[in-house]
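Read the structure below first, then the notes.
For ligands, and for the atoms within them, numbers begin at 1 and follow the listed sequence. Just so you know, these numbers use all the heavy atoms, side chains as well, and skip hydrogens, waters and symmetry mates. Fair warning: this is a prediction, and the values are worked out from it, not measured in the lab.
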Amino acid sequence: TDVTPPSARTNSKAAWQGIGGLADVLQEIRELVEIPLKRPDLLVKLGLEPPRGVLLVGPPGTGKTLTARVLAEELELNYIAINGPEVMSKYYGEAEARLRSIFEKATRSAPCLIFIDEIDSLAPDRSQVEGEVEKRLVAQLLGLMDGFAKTEGVLVLAATNRPDYLDPALRRPGRFDREVQFRVPDRDGRLEILTILTSAMPLETSVNLGAIADLAVGFVGADIKALCQKAAYIALRRQVPSLNSPVPENMTIVQQDFLEAIKEIKPSVLRDVAIEV
Ligand code: ATP
C-alpha cells in the first residue's frame with residue numbers, strides 16, 4: 001500500500017466540480033477534515049477534541065471513494081487507501097501487522113488521509129463474529145485509533161454501506177465519532193452528475209439530459225457512469241462500421257443512445273443486496 005502524494009494541479013476548483021449532487025455533504029466533510037488537519041489550534045482554543053475518524057455512510061456507488069480521493073487532492077494531503085475485504089483476503093493472517101504498518105506510514109507522511117473502504121469487513125461487531133482473527137483485528141484498529149489520538153495531521157475516513165455491522169466500540173468518542181451520510185441522488189443530483197460525466201462527450205445539441213435524469217430513478221453516481229459509457233458505445237456501434245474505419249468526422253451521441261442504454265441498466269438500489277459472511 002503506497003502513499004499517494006497530492007499531484008500538481010492546475011485548477012484547484014476542478015476536482016470538487018467532478019462530484020455532483022453532494023454540495024451539502026462536501027461542505028460538511030470538508031470542514032470535518034480540513035479544520036482538524038490544517039488548524040487544530042483553533043479547535044484546541046475552543047476546547048474541542050479534533051476528530052480522528054469520520055465515517056462515510058451510504059449505498060455503494062454514491063461517491064464515497066471519489067470524495068475521499070478528491071479531498072486528499074484538494075487539501076494537498078498524502079493519501080493511503082485500503083479496502084477492507086482485500087486486506088482480509090490477501091493478508092488474512094497478517095492483517096494486524098498490515099494495519100499497523102499503514103498507520104505508521106501515515107504518521108510518517110503527515111498530513112495524511114487514510115481511507116478505509118468497506119470498513120465493516122475489518123471491524124465487524126465482535127459479538128456477531130466467530131473468528132479470532134476478526135476479533136483481534138477489531139481490537140487492533142481500536143488500539144491504533146486511540147494510539148494516534150495525539151498525533152497531529154492524520155485523519156481516517158472510512159466508508160461503509162452497512163453501518164449496523166460495525167463494532168459499536170468503533171463509533172465511540174475519539175474514534176469514528178463523526179458521520180456523514182451519502183444519499184441516492186434525487187432528480188437534480190442525477191442531472192448534475194450526468195452533466196459532469198458527459199462534459200467531455202460529443203453530445204448532439206438536442207440531447208436533453210433533464211429528460212434522462214427524469215428516467216434514471218434510483219440511479220447512483222456509479223450507475224450514471226455506466227449509463228454514459230453504454231450510451232457512448234451504442235453511439236460508436238451506430239457510427240463506426242468496423243474497427244478499421246477512420247474516426248468519423250462528426251461523431252455524436254444522441255438522445256436515442258441514452259434511451260437505449262438506460263433500458264439495459266438496473267439501478268443498484270434495485271439489485272439484490274449481496275451479503276458476504
Ligand atoms: P463503493 O461503496 O462501491 O466503494 P462509492 O460510494 O465509493 O461506492 P465511488 O466508487 O466513488 O462510489 O463511485 C464510483 C464511480 O461513480 C466514481 O468513480 C465516479 O465516476 C462515479 N460517481 C459516483 N458518485 C458520483 C458523484 N456524486 N458525482 C460524480 N460521479 C460520481
Side-chain angles (χ1 to χ4, degrees), residues 1 4 7 13-30 33 53-74 79-89 113-124 156-166 176 179-201 203 209-210 212-213 216-233 258 261-262 265-276:
T1 312
T4 311
S7 60
K13 280 235 162 97
W16 288 122
Q17 287 171 352
I19 306 178
L22 290 172
D24 52 339
V25 173
L26 293 181
Q27 173 68 24
E28 189 185 349
I29 197 170
R30 192 180 168 137
V33 175
V54 179
L55 204 57
L56 314 184
V57 179
T62 45
K64 300 184 292 297
T65 308
L66 176 67
T67 299
R69 216 182 321 116
V70 167
L71 212 56
E73 186 77 4
E74 288 297 324
Y79 181 62
I80 302 180
I82 60 169
N83 176 279
E86 196 183 299
V87 170
M88 290 308 275
S89 60
L113 195 65
I114 300 177
F115 177 64
I116 309 178
D117 202 4
E118 299 186 57
I119 190 172
D120 39 277
S121 64
L122 285 187
V156 190
L157 287 185
T160 181
N161 48 49
R162 308 184 298 186
D164 301 345
Y165 281 56
L166 288 176
F176 294 95
E179 243 172 76
V180 181
Q181 293 285 337
F182 282 64
R183 308 168 300 267
V184 173
D186 60 11
R187 188 260 178 201
D188 288 345
R190 297 195 295 270
L191 179 56
E192 253 185 60
I193 298 171
L194 269 168
T195 307
I196 290 166
L197 296 178
T198 55
S199 63
M201 295 181 162
L203 300 187
L209 292 179
I212 297 160
V217 176
F219 280 45
V220 295
D223 299 328
I224 297 173
K225 184 176 188 176
L227 168 65
C228 294
Q229 281 168 350
K230 203 154 248 186
Y233 271 84
F258 283 99
I262 207 167
I265 295 172
K266 198 169 175 190
S268 309
V269 283
L270 298 180
R271 270 177 235 147
D272 287 341
V273 179
I275 311 228
E276 318 103 19

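- For the pair N161/T62, no side-chain contact is recorded, criterion being any heavy-atom separation below 4.5 Å from C-beta on.
- Checking G221, G21, G63 against atom 13 (O) of ligand 1, the nearest heavy atom belongs to G63.
- Atoms of ligand 1 lying under 4.0 Å from any heavy atom of K225, numbered from 1 in the order shown and given with element: 18 (O), 20 (O).
- Interface of D117 with ligand 1, defined as ligand atoms under 4.0 Å from a residue heavy atom, comprises 4 (O).
- Taken from CG in L56 to OG1 in T65, the straight-line distance is 8.5 Å, to the nearest 0.5 Å.
- For a threshold of 3.5 Å applied to N or O pairs, the pair formed by G61 and ligand 1 contains at least one separation below that value.
- For ligand 1, the polar-atom distance check finds no N/O of I196 at less than 3.5 Å from any of the ligand's N/O atoms.
- For the pair P185 and ligand 1, no heavy-atom separation below 4.0 Å is found.
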(request) Assess whether side-chain contact (heavy atoms from CB on, under 4.5 Å) is satisfied between F258 and T198, documenting all intermediate values. (result) CA-CA 11 Å; F258 283 99; T198 55; 4.0 Å; yes
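- Among the atoms of R69, none of the N or O lies under 3.5 angstrom from an N or O of ligand 1.
- For K64, heavy-atom contacts with ligand 1 shorter than 4.0 Å involve the backbone as well as the side chain.
- Between the OG1 atom in T160 and the CD1 atom in I116 there is a gap of 11.5 Å [rounded to 0.5 Å].
- Every atom of ligand 1 with a heavy atom of A222 under 4.0 Å away is listed here by number and element: 14 (C), 16 (O), 23 (C).
- Of the polar atoms of N161, none of the N or O atoms is found under 3.5 Å from an N or O of ligand 1, judged by distance alone.
- Close N/O approach between L22 and ligand 1 is not found [any backbone or side-chain N/O within under 3.5 Å].
- Expressed to the nearest 0.5 Å, how far CH2 of W16 lies from CG of L71 amounts to 4.5 Å.
- Here D223 does not pair with R190 in a salt bridge; the nearest charged N to carboxylate O distance is not below 4.0 Å.
- If you take CG on L22 and OG1 on T67, they are separated by 5.5 Å, rounding to the nearest 0.5 Å.
- Looking only at distances, a side-chain donor or acceptor of E192 sits under 3.5 Å from a matching main-chain atom of G21.
- In this structure, K64 contributes its side chain and A158 its backbone to no donor-acceptor pair below 3.5 Å.
- Taking each of L26, T65, L66 in turn, the one with a heavy atom nearest to atom 17 (C) of ligand 1 proves to be L66.
- Neither the backbone nor the side chain of T67 has any atom closer than 4.0 Å to an atom of ligand 1 (non-hydrogen atoms only).
- When only interatomic distances are considered, the shortest N/O to N/O separation between G20 and ligand 1 falls below 3.5 Å.
- Residue-ligand proximity: A159 is placed with every non-hydrogen atom at 4.0 Å or more from ligand 1.
- Once rounded to the nearest 0.5 Å, the distance linking CG of D24 with CD of Q181 reads 11.5 Å.
- Close approach of ligand 1 to G18 (heavy-atom distance below 4.0 Å) involves ligand atoms 28 (N), 29 (C).
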